[in-house]
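Protein chains get the first letters and strands the later ones, always in sequence-line order, with residue 1 at the start of each. Hydrogens, waters and symmetry mates play no part in the numbers below; they use all other heavy atoms, side chains included. Please read all numbers here as calculations on a predicted model, not as lab measurements.
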Amino acid sequence: MHEVSIAESLIALIRRHMPTNGKLIRATVRIGPMHGVVSEAMGMAWNIASSEAGWPAAQLNIITPPWRLRCVSCGRCWAPATVDEHCVCGFTKADIMGGDEFQLDSIEVDCPVKHSKRRSTAGVRARGRTLKKGVNHEHQSSNC
Amino acid sequence: MSTKVPIVENVLKLNDEMAIQNQRLFQQTGVFVVDLIGAPGAGKTALLELTLRQLKGVLDIGVIVGDPATCRDGDRLAKHSEHIVQVNTGSGCHLDANQIRHAMNKLKLADLDLLIIENVGNLICPVSFNLGQNCKVGMFSVSEGDDKAAKHPNLVVSADALILNKIDLLPYIPFDLECFRQDVAHLNRTAPLLEISVARNQAKAWLDWLTENAKRPEHLTKSN
Ligand SMILES: Nc1nc2c(ncn2[C@@H]2O[C@H](COP(=O)(O)OP(=O)(O)O)[C@@H](O)[C@H]2O)c(=O)[nH]1
Ligand SMILES: [Mg+2]
Ligand SMILES: [Zn+2]
């Protein structure tokens, strides 16, 4: 259950970026399958941690990028179903090119005063299905 | 009006910042730090008992040992060294940089060449939390089954060395050693796989690797 620690860390990190009197609407994180984070557990931990932080309505959008491997022998890049998959060329060694992501991508904030710099309209829009109240989960398709 | 603020920072940035502070203190006092990660029962404490015994007079070694509850491991290790700190994490499934900061304050770091952190028995959670270590060592054992490296890629990928303990059990337990070796090599081409049996007192590969790297830490580049 490291989801609890992760949610608490996330809240502390978000606080650093919150404008004064801002209210958190949504946080988007990108966590690859490498980190063994269970979205349901993460959702529960987030609901508790965000409520304690005073943002009970804040949503967590989890983007799960796929595994991506590159064959050490032939250089082929592919998205394996599981990370232990070998290359079609038969070679058994690969470099991990994706699936190890572990970052806070962005936050969406409701604020009376406009947030200073760092404004952006670009970014990933959540399309994922809603797993539970306040948590969005999205599996990304791959390209190597 | 709502505003989107792009950030792009590591989820555990706060822990990482504390880990960097720990690392500075370790560097200043010249102590080499190993984060030992493995499942409960893999033989981590047994390996450390052996290590403290065998390297007595070669390296001055301290241990920080994390368990959800009890001081049993700390007591076992205290028979071999005065530099032992037990941390109880309660429901926590891993050690974090802040806990290490508190624990290391109880040690005379300047007296140590090597500090080994026995992390809480768990193959997933401890991997994501940097502690300020020079290297991470992932420990598996034969009785856990030959599929455990493939099932825990984060540990295998992040490790600077991997241990397979309890090879004395190979004749008695179905365990495809070739398959295990291949899984490890598939995910991590540089980390050596150290096959040992603590019960039989056969851990030369580990002791050699440890002393070599404690003396020349610049060889390791992966952790932190
Ligand atoms: N057969 C066998 N048993 C071992 C070996 N190493 C440790 N054990 C046993 O495994 C159990 C767990 O050991 P322990 O050091 O407490 O594991 P930890 O939870 O990883 O710290 C104990 O009963 C040890 O005696 C080994 O090389 N072979
Ligand atoms: Mg132990
Ligand atoms: Zn190939």
Side-chain angles (χ1 to χ4, degrees), chain A residues 1-10 12-14 16-19 22-23 25-37 67 69 72 82-86 91-96 99-115 117-123, chain B residues 1-19 37 68 89-99 119-120 122-130 146-158 178-191:
Chain A
M1 269 298 283
H2 57 325
E3 286 82 358
V4 174
S5 321
I6 292 172
E8 284 167 357
S9 289
L10 204 49
L13 182 57
I14 289 169
R16 282 194 183 171
H17 296 277
M18 286 296 286
K23 204 176 76 191
I25 298 172
R26 182 180 293 107
T28 299
V29 292
R30 186 179 297 269
I31 302 181
M34 179 88 108
H35 294 275
V37 167
W67 286 114
L69 296 180
V72 172
T82 58
V83 70
D84 57 337
E85 200 174 289
H86 293 167
F91 201 71
T92 59
K93 288 174 187 159
D95 288 325
I96 292 182
D100 55 350
E101 299 80 356
F102 199 52
Q103 70 189 38
L104 171 61
D105 262 15
S106 64
I107 53 175
E108 223 174 294
V109 185
D110 208 353
C111 45
V113 200
K114 237 198 304 189
H115 193 268
K117 293 165 218 157
R118 285 196 287 223
R119 251 200 90 168
S120 160
T121 47
Chain B
M1 200 198 100
S2 94
T3 313
K4 186 158 183 172
V5 186
I7 293 174
V8 192
E9 281 177 347
N10 189 296
V11 169
L12 296 179
K13 183 160 193 268
L14 277 70
N15 182 76
D16 285 350
E17 286 172 359
M18 180 65 83
I37 300 173
T89 56
S91 61
C93 48
H94 58 268
L95 290 168
D96 64 33
N98 198 32
Q99 290 167 321
N119 219 311
V120 180
N122 185 317
L123 293 167
I124 301 170
C125 314
V127 186
S128 307
F129 290 80
N130 282 320
D146 53 24
D147 57 355
K148 293 304 175 289
K151 284 183 178 172
H152 299 92
N154 199 9
L155 177 56
V156 177
V157 170
S158 318
E178 258 326 298
C179 167
F180 182 85
R181 286 176 177 156
Q182 230 184 52
D183 286 341
V184 167
H186 173 61
L187 294 167
N188 190 331
R189 278 178 289 143
T190 50

> Under 4.0 Å between a Lys/Arg side-chain N and an Asp/Glu carboxylate O for Asp183(B) and Lys148(B)?
Replying inline: no
> Highest number of heavy-atom pairs under 4.5 Å with chain B: which of Val29(A), Asp100(A), Leu13(A)?
Replying inline: Leu13(A)
> Measuring heavy-atom distances to chain B, does Ile25(A) have an atom under 4.5 Å in its side chain, in its backbone, in both, or in neither?
Replying inline: side chain
>> Between Lys151(B) and Asp84(A), does the salt bridge (charged side-chain N to carboxylate O under 4.0 Å, His left out) criterion hold? Intermediate values first, please.
In response: CA-CA 8 Å; Lys151(B) 284 183 178 172; Asp84(A) 57 337; over 6 Å; no
> Who wins among Ala150(B), Gly92(B), Pro153(B), Pro126(B) for the most heavy-atom pairs under 4.5 Å with chain A?
Replying inline: Pro153(B)
>> Please classify the contact of Val8(B) with chain A as side chain, backbone, both or neither, using a heavy-atom distance under 4.5 Å.
In response: both
>> Quick check on Ile96(A) against chain B: is it the side chain, the backbone, both or neither that has a heavy atom closer than 4.5 Å?
In response: side chain
>> How long is the straight-line distance from NE2 of His2(A) back to OG of Ser9(A), given to the nearest 0.5 Å?
In response: 11.0 Å
> Do the side-chain N and O atoms of Glu17(B) and Asn15(B) include a donor-acceptor pair separated by under 3.5 angstrom?
Replying inline: no
> Does any heavy atom of chain B fall under 4.5 Å from the side chain of Val72(A), the backbone, both, or neither of them?
Replying inline: side chain
> Does any donor atom in the side chain of His35(A) or Glu101(A) lie under 3.5 Å from an acceptor atom in the other side chain?
Replying inline: no
